[in-house]
Amino acid sequence: MQLPVIAPGKRFTLPRPIGSGDALLLAQMAQARVAEQRTLVVMTAEPADAQRLAEELPFFAPGLRVAIFPDWETLPYDTFSPHQDLISERLATLWRIHQREVDVVVLPATTALTRLAPPSFLAGTTFQFKQKAKLDEAALKSQLTLAGYSHVSQVVSPGEYAVRGGLIDLFPMGSNVPYR
């Protein structure tokens, strides 16, 4: 089945296909966008649908780079913060989008309704390291604190750093492992 060309700002609806038919249609649409060097954003009604589509899309288009932009899993007025892993995953996805390493972004509608920090803020609090580059320890501590990292004695979760003598342990947001 071929999807019609959808004009920007116009709405198009189809009945929901059976089984993984929606993933097949979206994979075809995403491949057309890749040829145009554009990113496809897919909003779903439920977080479970977003997860399912993110898993099924590569089946129909193996070369497709798919990222899921996860929900906070908290309510707006909760007194606790979202889990560090969610924050890391969201930041990693934003970075991949910024670097144009994603062809399809899948997100629940509730996530799309949440405001994001402007790209200039994210760019201002992002930093990169290169091997064998000299670091100014005071400036690094200041930059890490400004970026929201916590100074701890031992690094165990994303968003933490520790300085012991000439060693710096850093667990970057969006990383699965800490670095020394």
Side-chain angles (χ1 to χ4, degrees), residues 1-126 128 147-149 157-159 171-177:
M1 176 179 172
Q2 288 292 338
L3 289 176
V5 176
I6 304 170
K10 297 296 180 186
R11 190 175 179 169
F12 178 77
T13 59
L14 281 174
R16 184 173 179 165
I18 297 171
S20 295
D22 54 352
L24 174 62
L25 291 172
L26 290 169
Q28 290 174 351
M29 183 181 278
Q31 287 176 320
R33 293 291 192 280
V34 168
E36 300 169 359
Q37 295 183 343
R38 295 175 59 195
T39 303
L40 177 67
V41 177
V42 178
M43 266 194 295
T44 63
E46 301 292 329
D49 286 335
Q51 187 67 42
R52 178 184 60 82
L53 284 173
E55 292 169 1
E56 290 177 358
L57 283 169
F59 176 78
F60 294 109
L64 215 54
R65 300 172 299 174
V66 180
I68 188 164
F69 194 64
D71 196 31
W72 281 123
E73 296 181 4
T74 59
L75 296 173
Y77 299 104
D78 281 344
T79 57
F80 53 89
S81 297
H83 194 271
Q84 291 285 1
D85 292 343
L86 283 173
I87 296 170
S88 291
E89 190 177 344
R90 287 171 63 95
L91 286 172
T93 301
L94 288 173
W95 178 254
R96 288 180 61 206
I97 292 168
H98 178 71
Q99 296 297 311
R100 301 216 180 266
E101 296 176 356
V102 176
D103 299 322
V104 181
V105 179
V106 185
L107 69 155
T110 53
T111 304
L113 294 173
T114 307
R115 295 182 68 172
L116 292 174
S120 59
F121 174 79
L122 291 174
T125 55
T126 302
Q128 296 180 356
Y149 283 76
S157 64
F171 204 141
M173 300 301 271
S175 175
N176 294 328
V177 294

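Numbers here simply count residues along the sequence, with the first being 1. Keep in mind that what you see is a predicted model, and the values were worked out from it rather than measured.
What you find for A109 and M43 is that their closest heavy atoms are CA-SD, 4.3 Å. Shown here for T39 and V102, the closest heavy-atom pair between the two residues is OG1-O, 3.6 Å. Nearest approach of P108 to E46, heavy atoms of both residues: CB-C, 4.3 Å. The heavy-atom pair separating A50 from L107 by the smallest distance is CB-C, 4.2 Å. Taking both residues in full, the closest heavy atoms of L64 and A30 are given as CD2-CB, 3.7 Å, listed atom of the first, atom of the second, then distance. Contact detail for F171 and N176: the closest heavy-atom pair is CZ-O, 3.7 Å.
Within a 6.0 Å radius of CD in Q37, no more than 12 heavy atoms belonging to other residues, nucleotides or ligands are found. The environment of L113 atom CG is dense: over 12 non-hydrogen atoms of other residues, nucleotides or ligands sit within 6.0 angstrom. Heavy atoms from other residues, nucleotides or ligands lying under 6.0 Å from CD of E101 number more than 12.
Using a 4.5 Å cut-off on side-chain heavy atoms (C-beta onward), F69 and L94 make contact. Residues T93 and R96 have side chains not in contact (no heavy-atom distance under 4.5 Å, counting atoms from C-beta outward). Annotation: side chain of F59 is not in contact with side chain of S20 (no heavy-atom distance under 4.5 Å). In this structure the side chain of R90 reaches within 4.5 angstrom of the side chain of T111, judged on heavy atoms.
With rounding to the nearest 0.5 Å, the separation of CD in E56 from CD in Q51 is 10.5 Å. To the nearest 0.5 angstrom, H98 atom NE2 is 13.0 Å from L91 atom CG. Rounded to the nearest 0.5 Å, atoms CZ (R100) and CZ (R38) are 11.0 Å apart. The distance from atom CD of E89 to atom CD1 of I68, rounded to the nearest 0.5 Å, is 7.0 Å.
Only one option out of V104, L24, D103 pairs with L57 in a side-chain contact (heavy atoms from CB on, under 4.5 Å); it is V104.
A donor-acceptor pair is defined here as one N or O able to donate and one able to accept, closer than 3.5 Å; no such pair exists between the side chain of D22 and the backbone of P17.
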